[in-house]
There are 2 protein chains.
Amino acid sequence: MTETPDPAQAAAPASPHAPAPPRPRRGRPPGFDRDEALTAATLLFWERGYEATSVTDLTTAMGIRPGSLYAAFGDKRALFEEVVRHYGSSPVGAFAGRALAEETSAHAAFARILREAAAIYPDPSHPAGCLVISAATNVTPQDAEVQARLRDERNRNVQVFEDRLRAAREDGELPPEADPKALAGYFATVIQGMSQQARDGATAADLARTAELALRAWP
Amino acid sequence: MTETPDPAQAAAPASPHAPAPPRPRRGRPPGFDRDEALTAATLLFWERGYEATSVTDLTTAMGIRPGSLYAAFGDKRALFEEVVRHYGSSPVGAFAGRALAEETSAHAAFARILREAAAIYPDPSHPAGCLVISAATNVTPQDAEVQARLRDERNRNVQVFEDRLRAAREDGELPPEADPKALAGYFATVIQGMSQQARDGATAADLARTAELALRAWP
DNA sequence: ATATTTCTTGAGCGATCGCTCAAAAATAAG
DNA sequence: CTTATTTTTGAGCGATCGCTCAAGAAATAT
């Protein structure tokens, strides 16, 4: 270590895009795994929702004390924001986007979305339903922003549905008289209803039947 | 007032089933209208949900002090129970049962249910969506009973749907291969999704299109 | 008038909420 | 070693939670 102590150089890894090497940090090392803690927080928020999950609940589940939580994540709301992003990039939270990206026909995409929702929402390996749909339904006015955040995300997903269906009509997959906006709203309605049904105890078999019935509406 | 002071006789109205006469009560009369207060509480719980509505919110909206609320309704949970009953016997809360009772065919009943839900859920004269569906989604473990109460009511409604559809199959309105349980779950899913969509800003026209698409699944 | 009954009022209880912070602990750097 | 840096810890802050209760107010009964 006789080189100039240039901080930028010291921080740069040998290869520009190599995974960050475990270069030793200066102070006391963290006593918990950030990803594991984030997963624990996700499960709690997913199960109970934003306001019904207390910071005490979170610190207990994450195995840390309040100071560590606030140092690592900011505050409760910032933690929830990160949880939503974490959920949205997980397999469970991204199945719809993946189906839309991977299936060539719109019908195949929406059929896959409904069938995967039927399998995923009641999966006992995680809380039932969709976090984006159910985690901020009941909030006090002081947390209206959290509620609006998820509402906007839901409505953005409906718009993505509509865009895909409009493209399908232009491609001739759907007849000219098909209504992309109406179909998008319908499929969003079914998906959100399936999330609620899963939380009410509906099984994967129940929801699979619902998905097949819902697909009968396809033009 | 020279008759025997028989309490039973004194309490009995002249006609056995006449509306209770406004016989003067003993002490200080109530300073608020109980029905109006219950309606105010219903609107608050409907909009925000059970836990997100505080007793302070309630007393402010009802125009009373905590002591009056607890004397008149018991506690917050008992008030909510009464709100749920009040809601369930209101036109907005009872439209499904009314359609099932009044329509002769199952198809007419479910078509009417979906179309009325599309008109009622986004009606701006009251909070969007259905109170039973959305008022106890996010609760702490200490209020799990409230959540279970509404979940049971929702699942009871699905069972009523199934019973009606099974009768329709036995009557020949539905083909023998129709699945009453699957259809009941499907319609419940659509209705619960429509409630969520209404709370997310969907208009009556949006939901009407959703209802028509949903009815395409009818066997 | 006096007594009795019923309801309202406003202060405030113990518990929990989200959150903060000084002190201690654990590491690397000099 | 000492110093610097980062994280953990545990006590506890002010605010709000659901709820209670003694005192006062307003009616009827005697």
Side-chain angles (χ1 to χ4, degrees), chain A residues 1-7 10-11 21-34 36-37 41 44-45 48-81 83 138-143 145-146, chain B residues 1-3 5 7 10-11 21-34 36-37 41 44-45 48-81 83 138-143 145-146:
Chain A
M1 288 287 195
T2 57
E3 351 181 46
T4 55
D6 180 357
R23 195 170 50 84
R25 307 205 13 171
R26 261 302 289 268
R28 174 174 176 169
F32 66 99
D33 185 288
R34 201 176 186 281
E36 289 179 8
L44 261 186
F45 280 131
R48 299 183 191 170
Y50 178 70
E51 283 190 343
T53 304
S54 73
V55 172
T56 302
D57 294 334
L58 290 165
T59 55
T60 302
M62 299 161 91
I64 60 179
R65 254 50 55 193
S68 300
L69 188 152
Y70 283 85
F73 298 99
D75 60 5
K76 186 187 175 185
R77 192 173 300 195
L79 170 59
F80 184 73
E81 291 284 336
V83 158
N138 308 130
V139 298
T140 58
Q142 70 187 12
D143 286 323
E145 292 178 26
V146 175
Chain B
M1 288 291 197
T2 56
E3 351 182 48
R23 196 170 50 84
R25 307 199 19 163
R26 260 301 289 268
R28 173 174 177 170
F32 66 99
D33 185 288
R34 200 174 186 282
E36 288 179 9
L44 262 185
F45 279 131
R48 298 182 192 171
Y50 177 70
E51 282 189 344
T53 303
S54 72
V55 172
T56 301
D57 294 333
L58 290 166
T59 55
T60 300
M62 300 161 90
I64 60 180
R65 254 47 59 192
S68 299
L69 187 152
Y70 283 84
F73 298 100
D75 60 4
K76 186 187 176 184
R77 192 173 299 195
L79 170 59
F80 184 73
E81 291 283 337
V83 158
N138 308 129
V139 298
T140 57
Q142 69 186 13
D143 285 323
E145 291 178 26
V146 174

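No hydrogens, no waters, no symmetry mates; every other heavy atom, side chains included, goes into these values.
With DNA chain D read from its 5' end, the first of the two nearest nucleotides for B:P29 and B:Y50 is the one closest to B:Y50. Along DNA chain D, the nucleotide nearest to B:G74 and the one nearest to A:G27 differ in position, and the one closer to the 5' end is contacted by A:G27. Residues A:T56 and A:S68 each lie close to DNA chain C; by heavy-atom proximity, the contact nearer the 5' end of the strand is made by A:T56. Along DNA chain C, the nucleotide nearest to B:T140 and the one nearest to B:G67 differ in position, and the one closer to the 5' end is contacted by B:G67.
In this structure, B:T60 and B:T56 approach most closely via the heavy-atom pair OG1-O, 2.8 Å.
Side-chain nitrogen and oxygen atoms of B:R65 include at least one within less than 4.0 Å of the OP1 or OP2 phosphate oxygen of C:dT9. Distances shown here put a side-chain N or O of B:S54 below 4.0 Å from the OP1 or OP2 atom of D:dC17.
Put simply, CD1 on B:I64 is 9 Å from P on C:dT9, counting in whole angstrom units. Residue B:F32 contributes atom CZ, which lies 9 Å from atom C1' of C:dC7 at whole-angstrom precision. Per the geometry, CZ belonging to B:F80 stands 18 Å off P belonging to D:dC17, to the nearest Å. If you take CZ of A:R34 and P of D:dT7, they are 11 Å apart, rounded to a whole angstrom. Put simply, CG on B:D57 is 7 Å from P on D:dC17, counting in whole angstrom units. The nearest whole Å value for the distance from the CG atom in A:L79 to the P atom in C:dC19 is 10 Å. One can place CD of A:E51 at 12 Å from C1' of D:dT16, the figure rounded to the nearest angstrom. The distance between atom CG of A:N138 and atom P of D:dC17, rounded to the nearest whole Å, is 16 Å.
In this structure, A:L79 CG and A:M62 CE are separated by 5.0 Å, a value rounded to the nearest 0.5 Å. Rounded to the nearest 0.5 angstrom, B:Q142 CD and B:R77 CZ are separated by 8.0 Å.
Note on A:P66: a base of the nucleic acid sits closer than 4.0 angstrom, heavy atoms only. Residue A:T53 is classed as a sugar-phosphate contact, given heavy-atom separations below 4.0 Å to backbone atoms only.
When only modelled atom types and interatomic distance are considered, B:D57 and B:S54 share a side-chain donor-acceptor pair under 3.5 Å.
A distance-only check finds no donor-acceptor pair linking the side chain of A:E51 to the backbone of B:N138 [under 3.5 Å].
The base of C:dT4 lies close enough to the side chain of B:R26 for a donor and an acceptor atom to sit less than 3.5 Å apart.
Side-chain proximity of A:Y70 to D:dT6, D:dA26, C:dG18: nearest is C:dG18.
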